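Below you'll find the structure, written out as structure tokens, and then a few comments.
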Amino acid sequence: MNITENIKYIGVDDTTLDLFENQYAVPEGVTYNSYLIEDDKIAIMDTVDRRKSEEWMARLTEALEGRTPIYLVVQHMEPDHGGSIAAVMERWPEVQIVASAKAVQMLPQFFEGIDFTHRTITVKEGDTLSLGHHTLQFVMAPMVHWPEVMVTYEQTERVLFSADGFGTFGALYGNLTDCRAWPGEARRYYYNICGKYGQPVQQLLRKAEKLDIAMICPLHGPMLTEDLGHYIGLYDKWSRYEAESDGILIAYASIHGGTAAAALHMARLLREKGASEVTTIDLCRADMSAALAEAFRMKRLLLAASSYDGGLFTPMYEFLHRIAIKGYKNHQVGIIENGSWAPCAGRIMKEAVEAMKDVELIEPIVTIRSAMKPTDLPAMEALAEAMMS
Ligand code: FEO
């Protein structure tokens with residue numbers, strides 16, 4: 001399937017995978033993108049997950065029409081992209097792998113027993129490789145999302161092969177430029193996969209500013225062919241940890257319903273007070289990766305959780321751990337705790353919030369005992385007022 005006159009899409013949909021990275025639900029599937037640049041010297045841009053190796057090799061073989069590839073450009077070694085490198089090496093012994101020094105170093109870690117001697121070309125920032133009429137320019141992108149990552153700018157057709165950057169969840173079913181997954185699934189993908197690495201993403205965006213880009217070809221999801229400023233602007237915002245909405249997410253974890261009732265009461269209060277947007281998420285049932293993305297999207301976060309076993313109810317504990325390791329910052333957080341005899345959830349949530357960089361705790365912390373009562377309403381009102389200011 002051609003995406004330009006000389007560049008073919010040879011990626012594959014994976015519609016049977018339940019958990020991406022063995023942790024993120026992908027009900028709409030995912031793609032492992034790969035491309036073929038046809039020129040005097042044919043280059044393959046990345047491979048695919050081993051799960052789809054056979055299907056991909058068939059596509060690649062068909063696209064080659066009997067020709068022999070010269071280069072395999074490996075932008076990212078993670079197995080969802082590097083999983084079929086060995087298959088290429090075995091099928092075409094003359095193929096040279098083009099990759100960063102770190103990726104070349106990693107190759108034997110993933111493919112024990114394969115001799116890569118004389119079969120790799122190590123490239124660094126700014127190096128170029130002529131295919132004939134096309135020229136590949138390599139741009140190092142360490143920690144977007146692994147240390148060996150690079151992206152590749154093809155100078156003739158002005159295509160940026162962006163590795164995981166600008167990737168989304170969701171299969172394409174042949175609709176290569178269908179961007180309906182933006183921004184929802186792209187945001188969930190970004191914050192869960194690359195969220196920790198905002199600074200490296202910023203560095204890559206600064207490099208990309210110097211390139212005249214007509215098309216972005218990521219390793220997951222649709223190719224971006226128009227309105228590139230919109231997508232780049234979202235990535236800029238996300239990687240600065242800036243909220244997209246001035247609204248409030250209420251994330252709650254309730255054992256028997258008392259905490260949930262307080263959380264939903266607070267949602268009504270905030271709406272009555274004119275909050276621009278209020279969403280609620282039941283952490284006991286929600287997809288944690290979606291909850292995490294929503295926490296980053298909203299400027300303010302209200303946590304409501306029960307005490308449990310002398311600590312914090314586990315769904316909230318997991319949620320806080322997840323947003324912390326993804327570098328949650330530049331947000332404001334309020335807290336409601338519940339406890340029937342010795343409330344301690346609030347202290348643990350407060351400690352977790354205070355350990356985050358540039359996160360402002362909104363007080364007062366509200367404590368309810370088992371269930372919200374009329375006597376709790378003044379404290380709820382005070383917290384709602386503080387959340388609005
Ligand atoms: Fe799609 Fe970091 O691999």
Side-chain angles (χ1 to χ4, degrees), residues 9-35 44-53 55-56 72-88 97 99-100 102-107 109-111 138-152 160-172 176 181-182 185-205 216-224 231 235 238-239 289 292-293 322 325-327:
Y9 178 76
I10 54 169
V12 291
D13 287 341
D14 189 343
T15 57
T16 58
L17 182 71
D18 57 347
L19 297 174
F20 183 79
E21 281 191 1
N22 230 4
Q23 60 172 328
Y24 302 121
V26 281
E28 303 301 326
V30 66
T31 68
Y32 313 120
N33 293 350
S34 170
Y35 307 88
I44 304 166
M45 302 300 294
D46 291 293
T47 75
V48 302
D49 193 289
R50 198 169 49 176
R51 288 168 51 85
K52 288 286 174 176
S53 204
E55 182 181 333
W56 177 73
L72 168 59
V73 177
V74 173
Q75 301 187 109
H76 186 9
M77 279 297 298
E78 193 164 11
D80 51 332
H81 311 295
S84 303
I85 290 174
V88 173
I97 291 179
S100 68
K102 198 83 178 172
V104 170
Q105 183 190 333
M106 281 184 177
L107 279 166
Q109 294 175 204
F110 287 96
F111 302 103
F138 301 104
V139 178
M140 298 301 118
M143 300 319 299
V144 185
H145 132 241
W146 278 18
E148 86 297 357
V149 171
M150 65 179 189
V151 302
T152 307
L160 179 69
F161 296 93
S162 58
D164 274 341
F166 300 94
T168 70
F169 295 126
L172 290 174
L176 302 184
W182 282 83
E185 282 293 80
R187 183 190 299 111
R188 185 168 74 95
Y189 177 90
Y190 174 79
Y191 281 121
N192 285 280
I193 307 296
C194 301
K196 178 178 168 63
Y197 306 112
Q199 187 57 33
V201 172
Q202 278 288 310
Q203 287 168 356
L204 178 58
L205 290 175
I216 296 176
C217 291
L219 287 177
H220 301 286
M223 284 109 261
L224 307 176
Y231 303 109
Y235 251 63
W238 295 345
S239 55
S289 67
L292 180 144
R322 283 187 184 238
I325 62 171
K326 298 302 177 185

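Whatever order the structure lists ligands and atoms in, that order sets their numbers, starting from 1. Please read these numbers as outputs of a predicted model, since none were measured by experiment.
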Nearest 10°: the angle subtended at atom 1 (Fe) of ligand 1 by His81 NE2 and His220 NE2?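 Approximately 90° at the metal, rounded to tens of degrees.
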Check: [X]/[Y] side-chain N/O donor and acceptor closer than 3.5 Å:
X: Tyr32; Y: Asp46; value: no
X: Asn33; Y: Thr31; value: yes
X: Glu185; Y: Thr168; value: no

Looking at His145, which of its N, O or S atoms is the nearest one to atom 2 (Fe) of ligand 1?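 Minimum-distance N/O/S atom of His145 relative to atom 2 (Fe) of ligand 1 is ND1.
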Could you point out which residue of Tyr189, Tyr197, Tyr190 forms a ring pair (Phe, Tyr, Trp, His ring centres under 6.0 Å) with Trp238?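 Output: one option passes, namely Tyr190.
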If you look at Asp164, which of its N/O/S atoms is nearest to atom 1 (Fe) of ligand 1?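 Atom 1 (Fe) of ligand 1 is closest to the Asp164 atom OD1, counting only N, O or S.
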Would you name the heavy atoms of Asp14 and Lys52 that are closest together and state the gap between them?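 Closest heavy-atom pair between Asp14 and Lys52: CA-CE, 3.9 Å.
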To the nearest 10°, how many degrees is the angle His76 NE2 to atom 2 (Fe) of ligand 1 to Glu78 OE1?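 Seen from atom 2 (Fe) of ligand 1, NE2 and OE1 are separated by roughly 100°.
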Would you say Asp80 has an N, O or S atom lying under 2.8 Å from atom 2 (Fe) of ligand 1?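 False for Asp80.
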